[in-house]
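Just so we're clear, the structure is a prediction, and the values are computed from it rather than from any experiment.
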Amino acid sequence: MADIVFLASYPSFTDYDKDFKCNEGRYIWHLWASIKGARDMKVEFLYDDYRNMKMKRHRLIDIISRNKPKVIVAFGQDVVDVLDIDEKIGKCRGSVYKKTYGRSEIFIVPTYDYRGLKKPDRMFAEESIEKGVYTAYDLAKANRIYKEGWEFPTENFILEPTVEDVEKFTEDAIKNDWLLGADLEGTGLDVQLVDIVMHGFAWSENDAIVIPEKKEGGLDYWSREDWPRVQRCLNRIYSKCRLMFQNGVGYDVPLIRNRGWNLPLENFEDDTMILHHSLHPESPHNIGFISSIYGKQPYWKSAVLDWKVSIFEKNQLEVKRYNARDCVALHQIKNGIKREITDTIRDYPEFKNFWVIYKKSMREARTLITMSNNGILLNKKRLADWNKDLQKELEELDTDLRESCNLPISFSFTSGDHKALWVYGTPIA
């Protein structure tokens with residue numbers, strides 16, 4: 001028996017003990033040790049060899065009945081498919097799933113196939129180590145589930161709001177000074193051209209409301225009588241509430257302001273992309289990846305992004321649920337990063353100024369939005385003076401080079417032939 005099972009597809013030829021003792025498997029043991037993984041774990045393979053895998057003769061039920069695990073780390077797409085997780089490994093890795101087998105409820109954390117990871121000692125300089133880093137995150141999540149358990153978020157979503165729902169939410173948000181995780185769905189990505197389809201707001205890791213502007217086919221969601229009341233609520237939310245976005249600088253905030261909603265930049269308090277970049281600048285910063293590390297809900301983006309149709313041709317209820325999940329994910333991410341920073345500061349005191357750096361980055365983000373809207377003021381006199389200084393320096397350098405290298409007047413520094421002759425020492429007429 002083992003509380004944690006590393007479940008791979010089939011053993012490598014050099015893994016004679018079937019215990020990840022081959023070159024590929026030893027890297028997994030290294031990652032497991034680096035995150036101080038629990039010792040009560042075991043390696044299992046669905047198939048004895050590659051041939052049995054092709055014939056799909058797996059032994060999942062036998063593995064579960066023998067080990068009765070609390071957590072399974074699923075290595076690779078073949079294992080994910082057998083576990084009936086309907087996602088590609090590149091999207092679902094790091095997510096948490098719960099499956100029932102007989103009387104056993106098991107948490108499953110998918111990650112990359114251990115054979116495909118780049119080992120630091122066998123890499124060329126230009127190769128990426130990122131899959132190994134992601135796998136370390138996934139193993140850490142599995143270890144945390146084993147030690148602390150796991151609670152899936154409860155989706156308390158208002159997806160078909162009435163005017164009264166919107167008005168009550170507005171009053172509650174302002175009265176309680178909620179930080180709102182906010183997200184827009186629009187008809188495209190160009191903030192100068194697109195229309196807003198819906199506004200999503202979350203006030204916790206579980207609670208969200210989606211306020212549509214449009215419905216199926218692009219028709220107005222609200223009646224002529226109700227829309228002015230909803231407009232007043234949205235203006236109050238944007239003008240009075242503290243707001244958190246993912247990529248608010250590049251999309252949401254400029255789009256809201258361009259469409260006439262009153263959003264003072266000081267209300268743009270948090271951005272999970274900037275927050276994550278301040279802590280891990282070397283990692284990707286899209287919400288799917290960040291949520292795979294700090295979020296609590298399984299990967300949800302495929303429900304809408306994989307549909308190759310316009311937003312108005314999609315199931316609007318599914319789009320709203322997708323939007324609400326984007327919003328609650330922001331709270332999950334921020335809370336997760338806050339916990340990580342607390343732990344990091346305890347072990348590495350030099351990180352104590354992290355929040356100061358992050359707040360400075362947010363001020364710069366707000367300034368960047370203003371610059372993008374207004375353009376950058378250019379002092380023409382200072383530009384002319386700078387050009388004169390540059391020209392003077394260039395002339396001095398030109399003179400020095402000609403004198404020190406005995407170059408003739410006919411020599412041109414912009415000529416490739418002249419410079420080649422100069423470097424190889426051929427006289428120039």
>> To the closest 0.5 Å, what do you measure between CG (N267) and CD1 (I237)?
In response: 12.0 Å
>> As a test of understanding, state which of Y238, F245, W178 forms a ring-ring contact (aromatic ring centres under 6.0 Å, His included) with F201.
In response: Y238
> Which pairs count as side-chain hydrogen bond (donor to acceptor under 3.5 Å, both in side chains) when at least one residue sits in residues 253-263, sequence neighbours excluded?
Replying inline: none
> Under the side chain to side chain donor-acceptor pair (under 3.5 Å) test, which residues partner Y47, sequence neighbours left out?
Replying inline: none
> Can a donor-acceptor pair be found between the side chains of T162 and D165 at a distance below 3.5 Å?
Replying inline: yes
> Between F75 and F6, is the ring centre distance below 6.0 Å?
Replying inline: yes
> If you draw a 6.0 Å radius around NZ in K314, do more than 12 non-hydrogen atoms from other residues or ligands fall strictly inside?
Replying inline: yes
>> The criterion is side chain to side chain contact (heavy atoms under 4.5 Å, CB included); which residues satisfy it with K380, sequence neighbours excluded?
In response: none
> Just by distance, with hydrogens left out, do S9 and D78 show a side-chain donor and acceptor under 3.5 Å apart?
Replying inline: no
> Residues two or more places apart in sequence or in another chain: which of them pass side chain to side chain donor-acceptor pair (under 3.5 Å) with T272?
Replying inline: Q246
> CD of E151: more than 12 outside heavy atoms within 6.0 angstrom?
Replying inline: no
>> So W29 and V43, do their side chains get closer than 4.5 Å, heavy atoms only?
In response: yes
>> The criterion is side chain to side chain contact (heavy atoms under 4.5 Å, CB included); which residues satisfy it with L383, sequence neighbours excluded?
In response: L378, W386, N387
> Can you find a pair of side-chain heavy atoms, one from D15 and one from Y10, that are under 4.5 Å apart?
Replying inline: no
>> I need the full list of salt bridge (charged side-chain N to carboxylate O under 4.0 Å, His left out) pairs touching residues 284-298, with sequence neighbours left out, sorted by first then second residue.
In response: E205-K296
>> So for atom NZ, which belongs to K147, do other residues, nucleotides or ligands contribute more than 12 heavy atoms lying within a distance under 6.0 Å?
In response: yes
Let me check something: any side-chain donor-acceptor pairs from residues 321-328 under 3.5 Å, sequence neighbours excluded? List them with distances.
| unit_1 | atom_1 | unit_2 | atom_2 | d |
| --- | --- | --- | --- | --- |
| R321 | NH1 | E318 | OE2 | 2.8 |
| Y322 | OH | K301 | NZ | 3.1 |
| N323 | OD1 | G200 | N | 3.4 |
| N323 | ND2 | D183 | O | 3.3 |
| N323 | ND2 | D183 | OD2 | 3.0 |
| N323 | ND2 | E185 | OE2 | 3.1 |
| R325 | NE | E155 | OE2 | 2.7 |
| R325 | NH2 | E155 | OE1 | 3.3 |
| R325 | NH2 | E155 | OE2 | 3.3 |
| D326 | OD1 | W300 | NE1 | 2.8 |
| D326 | OD1 | K301 | NZ | 3.0 |
| D326 | OD2 | K301 | NZ | 3.4 |

> Do R93's NZ or CZ and the ring of Y137 fall within the cation-pi criteria of under 6.0 Å and 45°?
Replying inline: no
>> I'd like to check the salt bridge (charged side-chain N to carboxylate O under 4.0 Å, His left out) partners of D177; sequence neighbours left out, ordered by chain and number.
In response: R242
Could you pull out all donor-acceptor pairs under 3.5 Å where a side-chain atom in residues 51-64 meets a protein atom, sequence neighbours excluded?
| unit_1 | atom_1 | unit_2 | atom_2 | d |
| --- | --- | --- | --- | --- |
| N52 | ND2 | D49 | OD1 | 3.2 |
| K54 | NZ | Y50 | OH | 3.4 |
| H58 | ND1 | L60 | N | 3.3 |
| R59 | NE | F45 | O | 3.1 |
| R59 | NH1 | D48 | OD1 | 3.3 |
| R59 | NH2 | F45 | O | 3.4 |
| R59 | NH2 | D48 | OD1 | 3.3 |
| D62 | OD2 | R66 | NE | 3.1 |
| D62 | OD2 | R66 | NH2 | 3.4 |

>> Can a side-chain donor-acceptor contact be found between T170 and R232 if the only test is distance below 3.5 angstrom?
In response: no
> Sequence neighbours excluded, which residues qualify as side chain to side chain contact (heavy atoms under 4.5 Å, CB included) partners of T100?
Replying inline: E105
Quick one: side chains of residues 355-364, donor-acceptor pairs under 3.5 Å with protein atoms, not counting sequence neighbours, listed by atom name and distance.
| unit_1 | atom_1 | unit_2 | atom_2 | d |
| --- | --- | --- | --- | --- |
| Y358 | OH | D270 | OD1 | 2.6 |
| Y358 | OH | D271 | N | 3.1 |
| S361 | OG | I357 | O | 3.0 |

> Do other residues, nucleotides or ligands put more than 12 heavy atoms under 6.0 Å from the NZ atom of K99?
Replying inline: yes
> Is a side-chain donor-acceptor pair under 3.5 Å present for D207 with N156?
Replying inline: yes
> Taking C-beta and beyond as the side chain, do K334 and L330 meet within less than 4.5 Å on heavy atoms?
Replying inline: no
>> Do F268 and L243 have side chains that approach each other closer than 4.5 Å (heavy atoms only, starting at C-beta)?
In response: no
>> With rounding to the nearest 0.5 angstrom, report the CD1 to OH distance, I4 to Y146.
In response: 6.0 Å
Side-chain donor-acceptor distances from residues 214-221 under 3.5 Å, at least two apart:
| unit_1 | atom_1 | unit_2 | atom_2 | d |
| --- | --- | --- | --- | --- |
| K214 | NZ | D220 | OD1 | 2.9 |
| Y221 | OH | E160 | OE1 | 3.2 |
| Y221 | OH | P161 | O | 3.4 |

> To the nearest 0.5 Å, what is the distance between NE2 (H276) and CD1 (I287)?
Replying inline: 12.0 Å
> Does the side chain of P284 reach to within under 4.5 Å of the side chain of Y134, using non-hydrogen atoms?
Replying inline: yes
